[in-house]
Every structure is written in structure tokens, then in C-alpha cells.
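Down below is the structure, laid out as C-alpha cells.
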Amino acid sequence: MSSMPSPLNPPAKAVVDGTAPDLGLPAQACLFAGALDPCTIVIFGASGDLTSRKLMPALYNLFLSQAWPQPCGVVGVARTPWRREEFQNKMHAAVASQKNYDPQKWQEFAQGLAYFAIDYESLAAFQGLRAFLEELDARQGTAGNRLFYLAVPPSLYQTIGQQLGQVGLAQEQTGGQGWARIVVEKPFGRDLASAVALNATLHQSFQEQQIFRIDHYMAKETVQNILICRFANAIFEPLWNRNFIDRVGIIAAEKIGVEHRAGFYEQAGVLRDMFQNHMMQLLALIAMEPPARFVAEQVRDEKVKSFRSLKPLGGPDLAANLVLGQYGPGVIDGANVPGYRQEPGVSPASLTPTFAAMRLFIDNWRWRGVPFYLASGKRLPQKLTQLIIHFKEVPHSLFDMIGLEAIAPNRLILGIQPEEKITLTFQTKNPGATVCLREVTMDFHYYQNYHGPIMDAYEKTLIDVMQGDQMLFWRQDGVEVCWSFFSPVIEACESCAIPEEFIHSYAAGTWGPTTAQTMMNRLAAL
Ligand code: NDP
Ligand code: BG6
């Protein structure tokens, strides 16, 4: 399996450089230019991994840029009994290794950092939090606008939502000021029933427009670019259907293993962790119809419509359309790495899948009969997120006299990460006296001719929440339709009497179980 060619390496032999003239667009042209309401950002789970790795660096970067509310306070909340200085020191450690770290600017930023230790079960503690926030508002002039970010294990979402409601912190004032918004991290539920229950609990305290169900994939620049590519160009959309597209591949490969997240991952597995959310968003951006206007509700309507057209996966077809795997020991970057079952916190008999390859169909006028191949897994040979549109073959080869009965079809590759690019493969004549074809690529690199700052997905989502823009967040109906699709699949796998029939081992550092090879080949191009 490890010898399988990577989807990143199409068999192109030459590159046509798609360099465009530098149009001289000012680097600042697309940066946030509006004013953000003064506000307090309250992070629950402030002692955790997400806060240090993603949220605090994102907030610091926003502070350095123009996209920072004036004034703005950041309050870390967690059970750990830190003093304010300890919290500041931890956050300093999270930011100090960044390239743009500036000790002077850090001092200014850190002045706005406060900490509140809490017992999540105690109503009195939440009353204390309310008093703490009101006192900050009075001191800082943050006008009672509050962004609550749930960077805690999902088991706490309902408790925190309820407690905020009980003490009046979910209540918004009239007249635009005094807003309260809650950001809920994925996973949003672990099946359809729990997603519905979680939503019902949040709605006891918050209105729908106050709830932001985050999926950071939606905010990646190259993911946002998919709709621009499709709907701001006239040349792709006429071909974007079952008449011209043979199949679609979506891959989100990771080199990392489960790391320190066994507690969460053992309960989740790859279908809940990557497919029900990130992979479905990528699928929707390829599959959806154009909305009437580029506004949140209309874009989200179109995504949900495409989810509704997913052909249910199950019954005797399930094994033909889904391969699950779990990584065993192997080699990554020349170093031996343990298998999933040897990772700290993982049961030695664990049946949690860390890899899935899946074939889906979208039963509607545009896509009927076009297979969508999706694959994602941990401990694969490289970090790679790509969407690959495989066009159909030419209807007839003129070149059979040189032995070319079949000509490699065109592919449009949307590289999401690490390479952020768009590649179109096509056929040309190889220079020379005889007729020979060669496949070449036209490449556009996303940051080509761009010299301005680059916004990370978490920075973008934080700005959007502060602006109240829900375009890049899940809506509950979408969450539920996707769970309706995935819950029976996951249930069927988890209740299987013979686990070996549904979960296959693969060596870390390879492209998944050999059983998945046919699907991986179809996905990638080969
Ligand atoms: P952590 O495991 O680091 O937990 C965050 C904090 O929650 C901890 O510091 C701890 O703080 C508190 N906590 C942990 N366990 C419990 C418990 N059983 N009861 C009460 N409090 C607890 O989580 P992450 O920061 O990794 O993730 C937070 C959320 O973000 C999760 O929902 C995760 O799924 C999601 N997410 C995380 C990503 C990541 O890269 N880490 C990526 C995408 C989503 P204390 O003990 O001080 O209260
Ligand atoms: C998270 C998953 O949502 O996305 C992780 O919980 C995964 O398991 C991560 O590693 C991948 O995100 P990215 O941005 O690194 O591709």
C-alpha cells in the first residue's frame, strides 16, 4: 500500500506556469476594514489544548491586525485554580514562539487578559462570573457584548449553556448592544439523538442567531475559495455536473496520530471526528447549487439541500462502499511510531477506526450516478487535503494510430493544505516530429502575487462571530441531516458481531488498509 502513488503526485511531466501579471492590488485590499463592537471574549476551557494552540494565537494575531474591538477583554475560564498572572504566563508561552511575536505588543495584549476559576456545576460560581464580567464592563467599557467560546469537552456544552441561561448571561439587550453569542466547538452531538438534545438545551437559553456551531474547515482560505472558483468564473460551472464529471475525490490525510486526545478520540473515531463535519462541508461546497445571493442563510440552504440528496448508505451495500481502518505500528518520516492501540489512553483492544474510505452518491439532477470518494485518516504518509474533480474521457480518440485508445482525462485539483493551489491537468503535444501526447498541469498557487498578511481559520471565525455573521458556521438542520446519514452507518459498524469484517489494520505511514486501495485509487486519479 505504501507504494501507492500519492494523490499529490499526478503523472504530469511538465508544468505550464500559470503566473498572472501582478495586478498591483494593495495587500490590504481584502483585509477587515469595518469596526467591531467592543466586547469581552470568554473562553471556557482556557487551560486546554485548543485555547493554547489555536484560540490564543488567533486572538493575538487579531490584536496585531486592525481587526480588534476597541475596547476588548479576554477572560479565560476553567476549573484550574490559576491566578491571573499564571494564566497570562501560560498564554504567553502559547504565543511567544510565533514569528510575529513582539514583547511590547504582548504586554499591551496581556493587559486585557483576565482569568476566572469556576466549578461548572455551581450556579453560584456562574453568578460570580456574571458579577466579574459586569465589573469588567464597567471598568473597560465593553458595553455588555459577550462572546462565549466553549473550548471544553462536549460533555460540558449543555451544562455551560444552561448555567449561562440561568444567571442571565444569555440574555441580549435590545438595540444592538449587549449581545451574547455562544460558539460551540465540534463535535455537535455524537449521533442524531444527542445532537437534537444538545440543540434543545442550548435553545432554552439562546436564540438560533446567537449560536455559532464552528467548523474550522469552512474558514480555511482555500475552502472559502471553492465557491469563488465555482461561481465567480463562467468556465467551470457549465461542466460541473454528471454530463462532464466522472467522479469526485475528497481526501483529508493526516500524518499525526491521536496524540494526547485518546479520551476524546476513543469515543469518536474518524467518522464522527472528520466525516460528519469537515468532510461533509467539503462535499457540500463541491455539490451545492448556486445560491440566489452570497448571504449566510441562502448559502446554508443550498448546502442542506445537497445533504438531503445523499443516498443512504447501508444494508448489504455498506461493505462495498465503506472501508474502515485502524493504524498499527509503522514508520513516519523514518521514525518508528506506535500503533493506535499502543497510544497512551487507548484500550489495547480498541475497535475505534482511525481511517475511513467511503463512496457516496448524491441523488439529484446534477449528480445522479457520479461517485464521490471520500477518505480521511490518521498516521498516513503525509498531511494532505485535496478535492479532485475527475472529468470524463474524451468521447473518441483520434490518436489510436499511435496506440492511444484512451487518453488520460482532465482533472481539476483543489489543494486545500499544505499546498494551497489549483491545478488543471490537460493534454498537449509533446514537442517533436511525431505526434505524442503528454499530460501537463496549469498551476495556480493561492498566495502567488500576494504579499499581505494571511488569516488563519480561527482568526476568521472569531471575526465572524464578533460581527454576527453565520455564513461559515453549521446550521442545525444541516447538522441533523448529516447525522441522519451517518448515525445508521456508525451504528451498523459498532454493532457488527465480527469486528475484523469492518475494521482493517494498516501500518502507520501507509495509505490505509489494502482493502481500501481500489477506492483510494479511484479517489486519487490513477
Ligand atoms: P482539552 O481536553 O484540552 O480540555 C479543555 C479543558 O477542559 C481542560 O483544560 C480542562 O480544564 C477542561 N476539562 C477537561 N476534561 C474535563 C472534564 N471531564 N470535566 C470538566 N472539565 C474538563 O480539550 P481541547 O482543548 O482539545 O478541546 C476543546 C474542545 O474543542 C473539544 O470539544 C474538542 O472536541 C474541540 N476541538 C479541539 C481541537 C483541538 O485541536 N484541540 C480541534 C477541533 C475541535 P480544567 O480542568 O482547567 O477545567
Ligand atoms: C479536528 C479533528 O477537528 O481537525 C482532529 O478533531 C484533526 O482530529 C483536525 O486532526 C484536523 O484539522 P486541520 O486543520 O489540521 O486539518
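Throughout, residue positions are numbered sequentially from 1 according to the sequence presented. In what follows, every heavy atom counts, from backbone to side chain, and hydrogens, waters and symmetry copies are set aside. Atoms within each ligand, like the ligands themselves, are counted from 1 in listed order.
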message = One thing to verify: whether Lys255 and Asp333 come together as a salt bridge, which I'm taking to mean a side-chain N less than 4.0 angstrom from a carboxylate O.
response = yes

message: Just by distance, no angles: are the side chains of Gln281 and Lys303 close enough, under 3.5 Å, to form a donor-acceptor pair?
response: yes

Between ligand 2 and the protein, find all N/O pairs closer than 3.5 Å and give the distance for each.
from, atom 1, to, atom 2, distance (Å)
ligand 2, 3 (O), Lys186, NZ, 2.8
ligand 2, 3 (O), His278, NE2, 2.7
ligand 2, 4 (O), His278, NE2, 3.4
ligand 2, 6 (O), Lys186, NZ, 3.0
ligand 2, 6 (O), Arg261, NH1, 3.3
ligand 2, 6 (O), Arg261, NH2, 3.1
ligand 2, 6 (O), Asp273, OD1, 2.6
ligand 2, 6 (O), Asp273, OD2, 3.4
ligand 2, 8 (O), Arg261, NH1, 3.1
ligand 2, 8 (O), Asp273, OD2, 2.6
ligand 2, 8 (O), Lys378, NZ, 2.8
ligand 2, 10 (O), Glu254, OE1, 2.5
ligand 2, 10 (O), Glu254, OE2, 3.3
ligand 2, 10 (O), Lys378, NZ, 3.2
ligand 2, 12 (O), His216, NE2, 3.2
ligand 2, 14 (O), His216, NE2, 2.8
ligand 2, 14 (O), Lys220, NZ, 2.6
ligand 2, 15 (O), Lys383, NZ, 2.9
ligand 2, 16 (O), Tyr217, OH, 2.5
ligand 2, 16 (O), Lys383, NZ, 2.7
ligand 2, 16 (O), Gln417, NE2, 2.7

If only side-chain N and O atoms count, and only distance matters, is there a donor-acceptor pair under 3.5 Å linking Gln267 with Arg190? no

Applying side chain to side chain contact (heavy atoms under 4.5 Å, CB included) to Ile256 and not counting sequence neighbours gives Glu254, Glu259, Lys378

Thr80 (side chain) donor-acceptor with Trp82 (main chain) under 3.5 angstrom: no

ring-ring contact (aromatic ring centres under 6.0 Å, His included) pairs touching residues 205-230, sequence neighbours excluded, are Phe212-Phe473, His216-His278, His216-Tyr458, Tyr217-His278

| said: Would you call the rings of Tyr60 and Tyr101 parallel, tilted or perpendicular, taking 30° and 60° as the class edges? | reply: tilted

The protein residues that pass the under-4.0 Å heavy-atom test against ligand 1 are Gly45, Ser47, Gly48, Asp49, Leu50, Arg53, Ala78, Arg79, Thr80, Ala151, Val152, Pro153, Pro154, Leu156, Tyr157, Glu185, Lys186, Pro187, Tyr458

Do other residues, nucleotides or ligands put more than 12 heavy atoms under 6.0 Å from the NZ atom of Lys220? yes

inquiry  = Under 3.5 Å, is there a donor on one side chain and an acceptor on the other for Gln162 and Gln166?
reply    = no

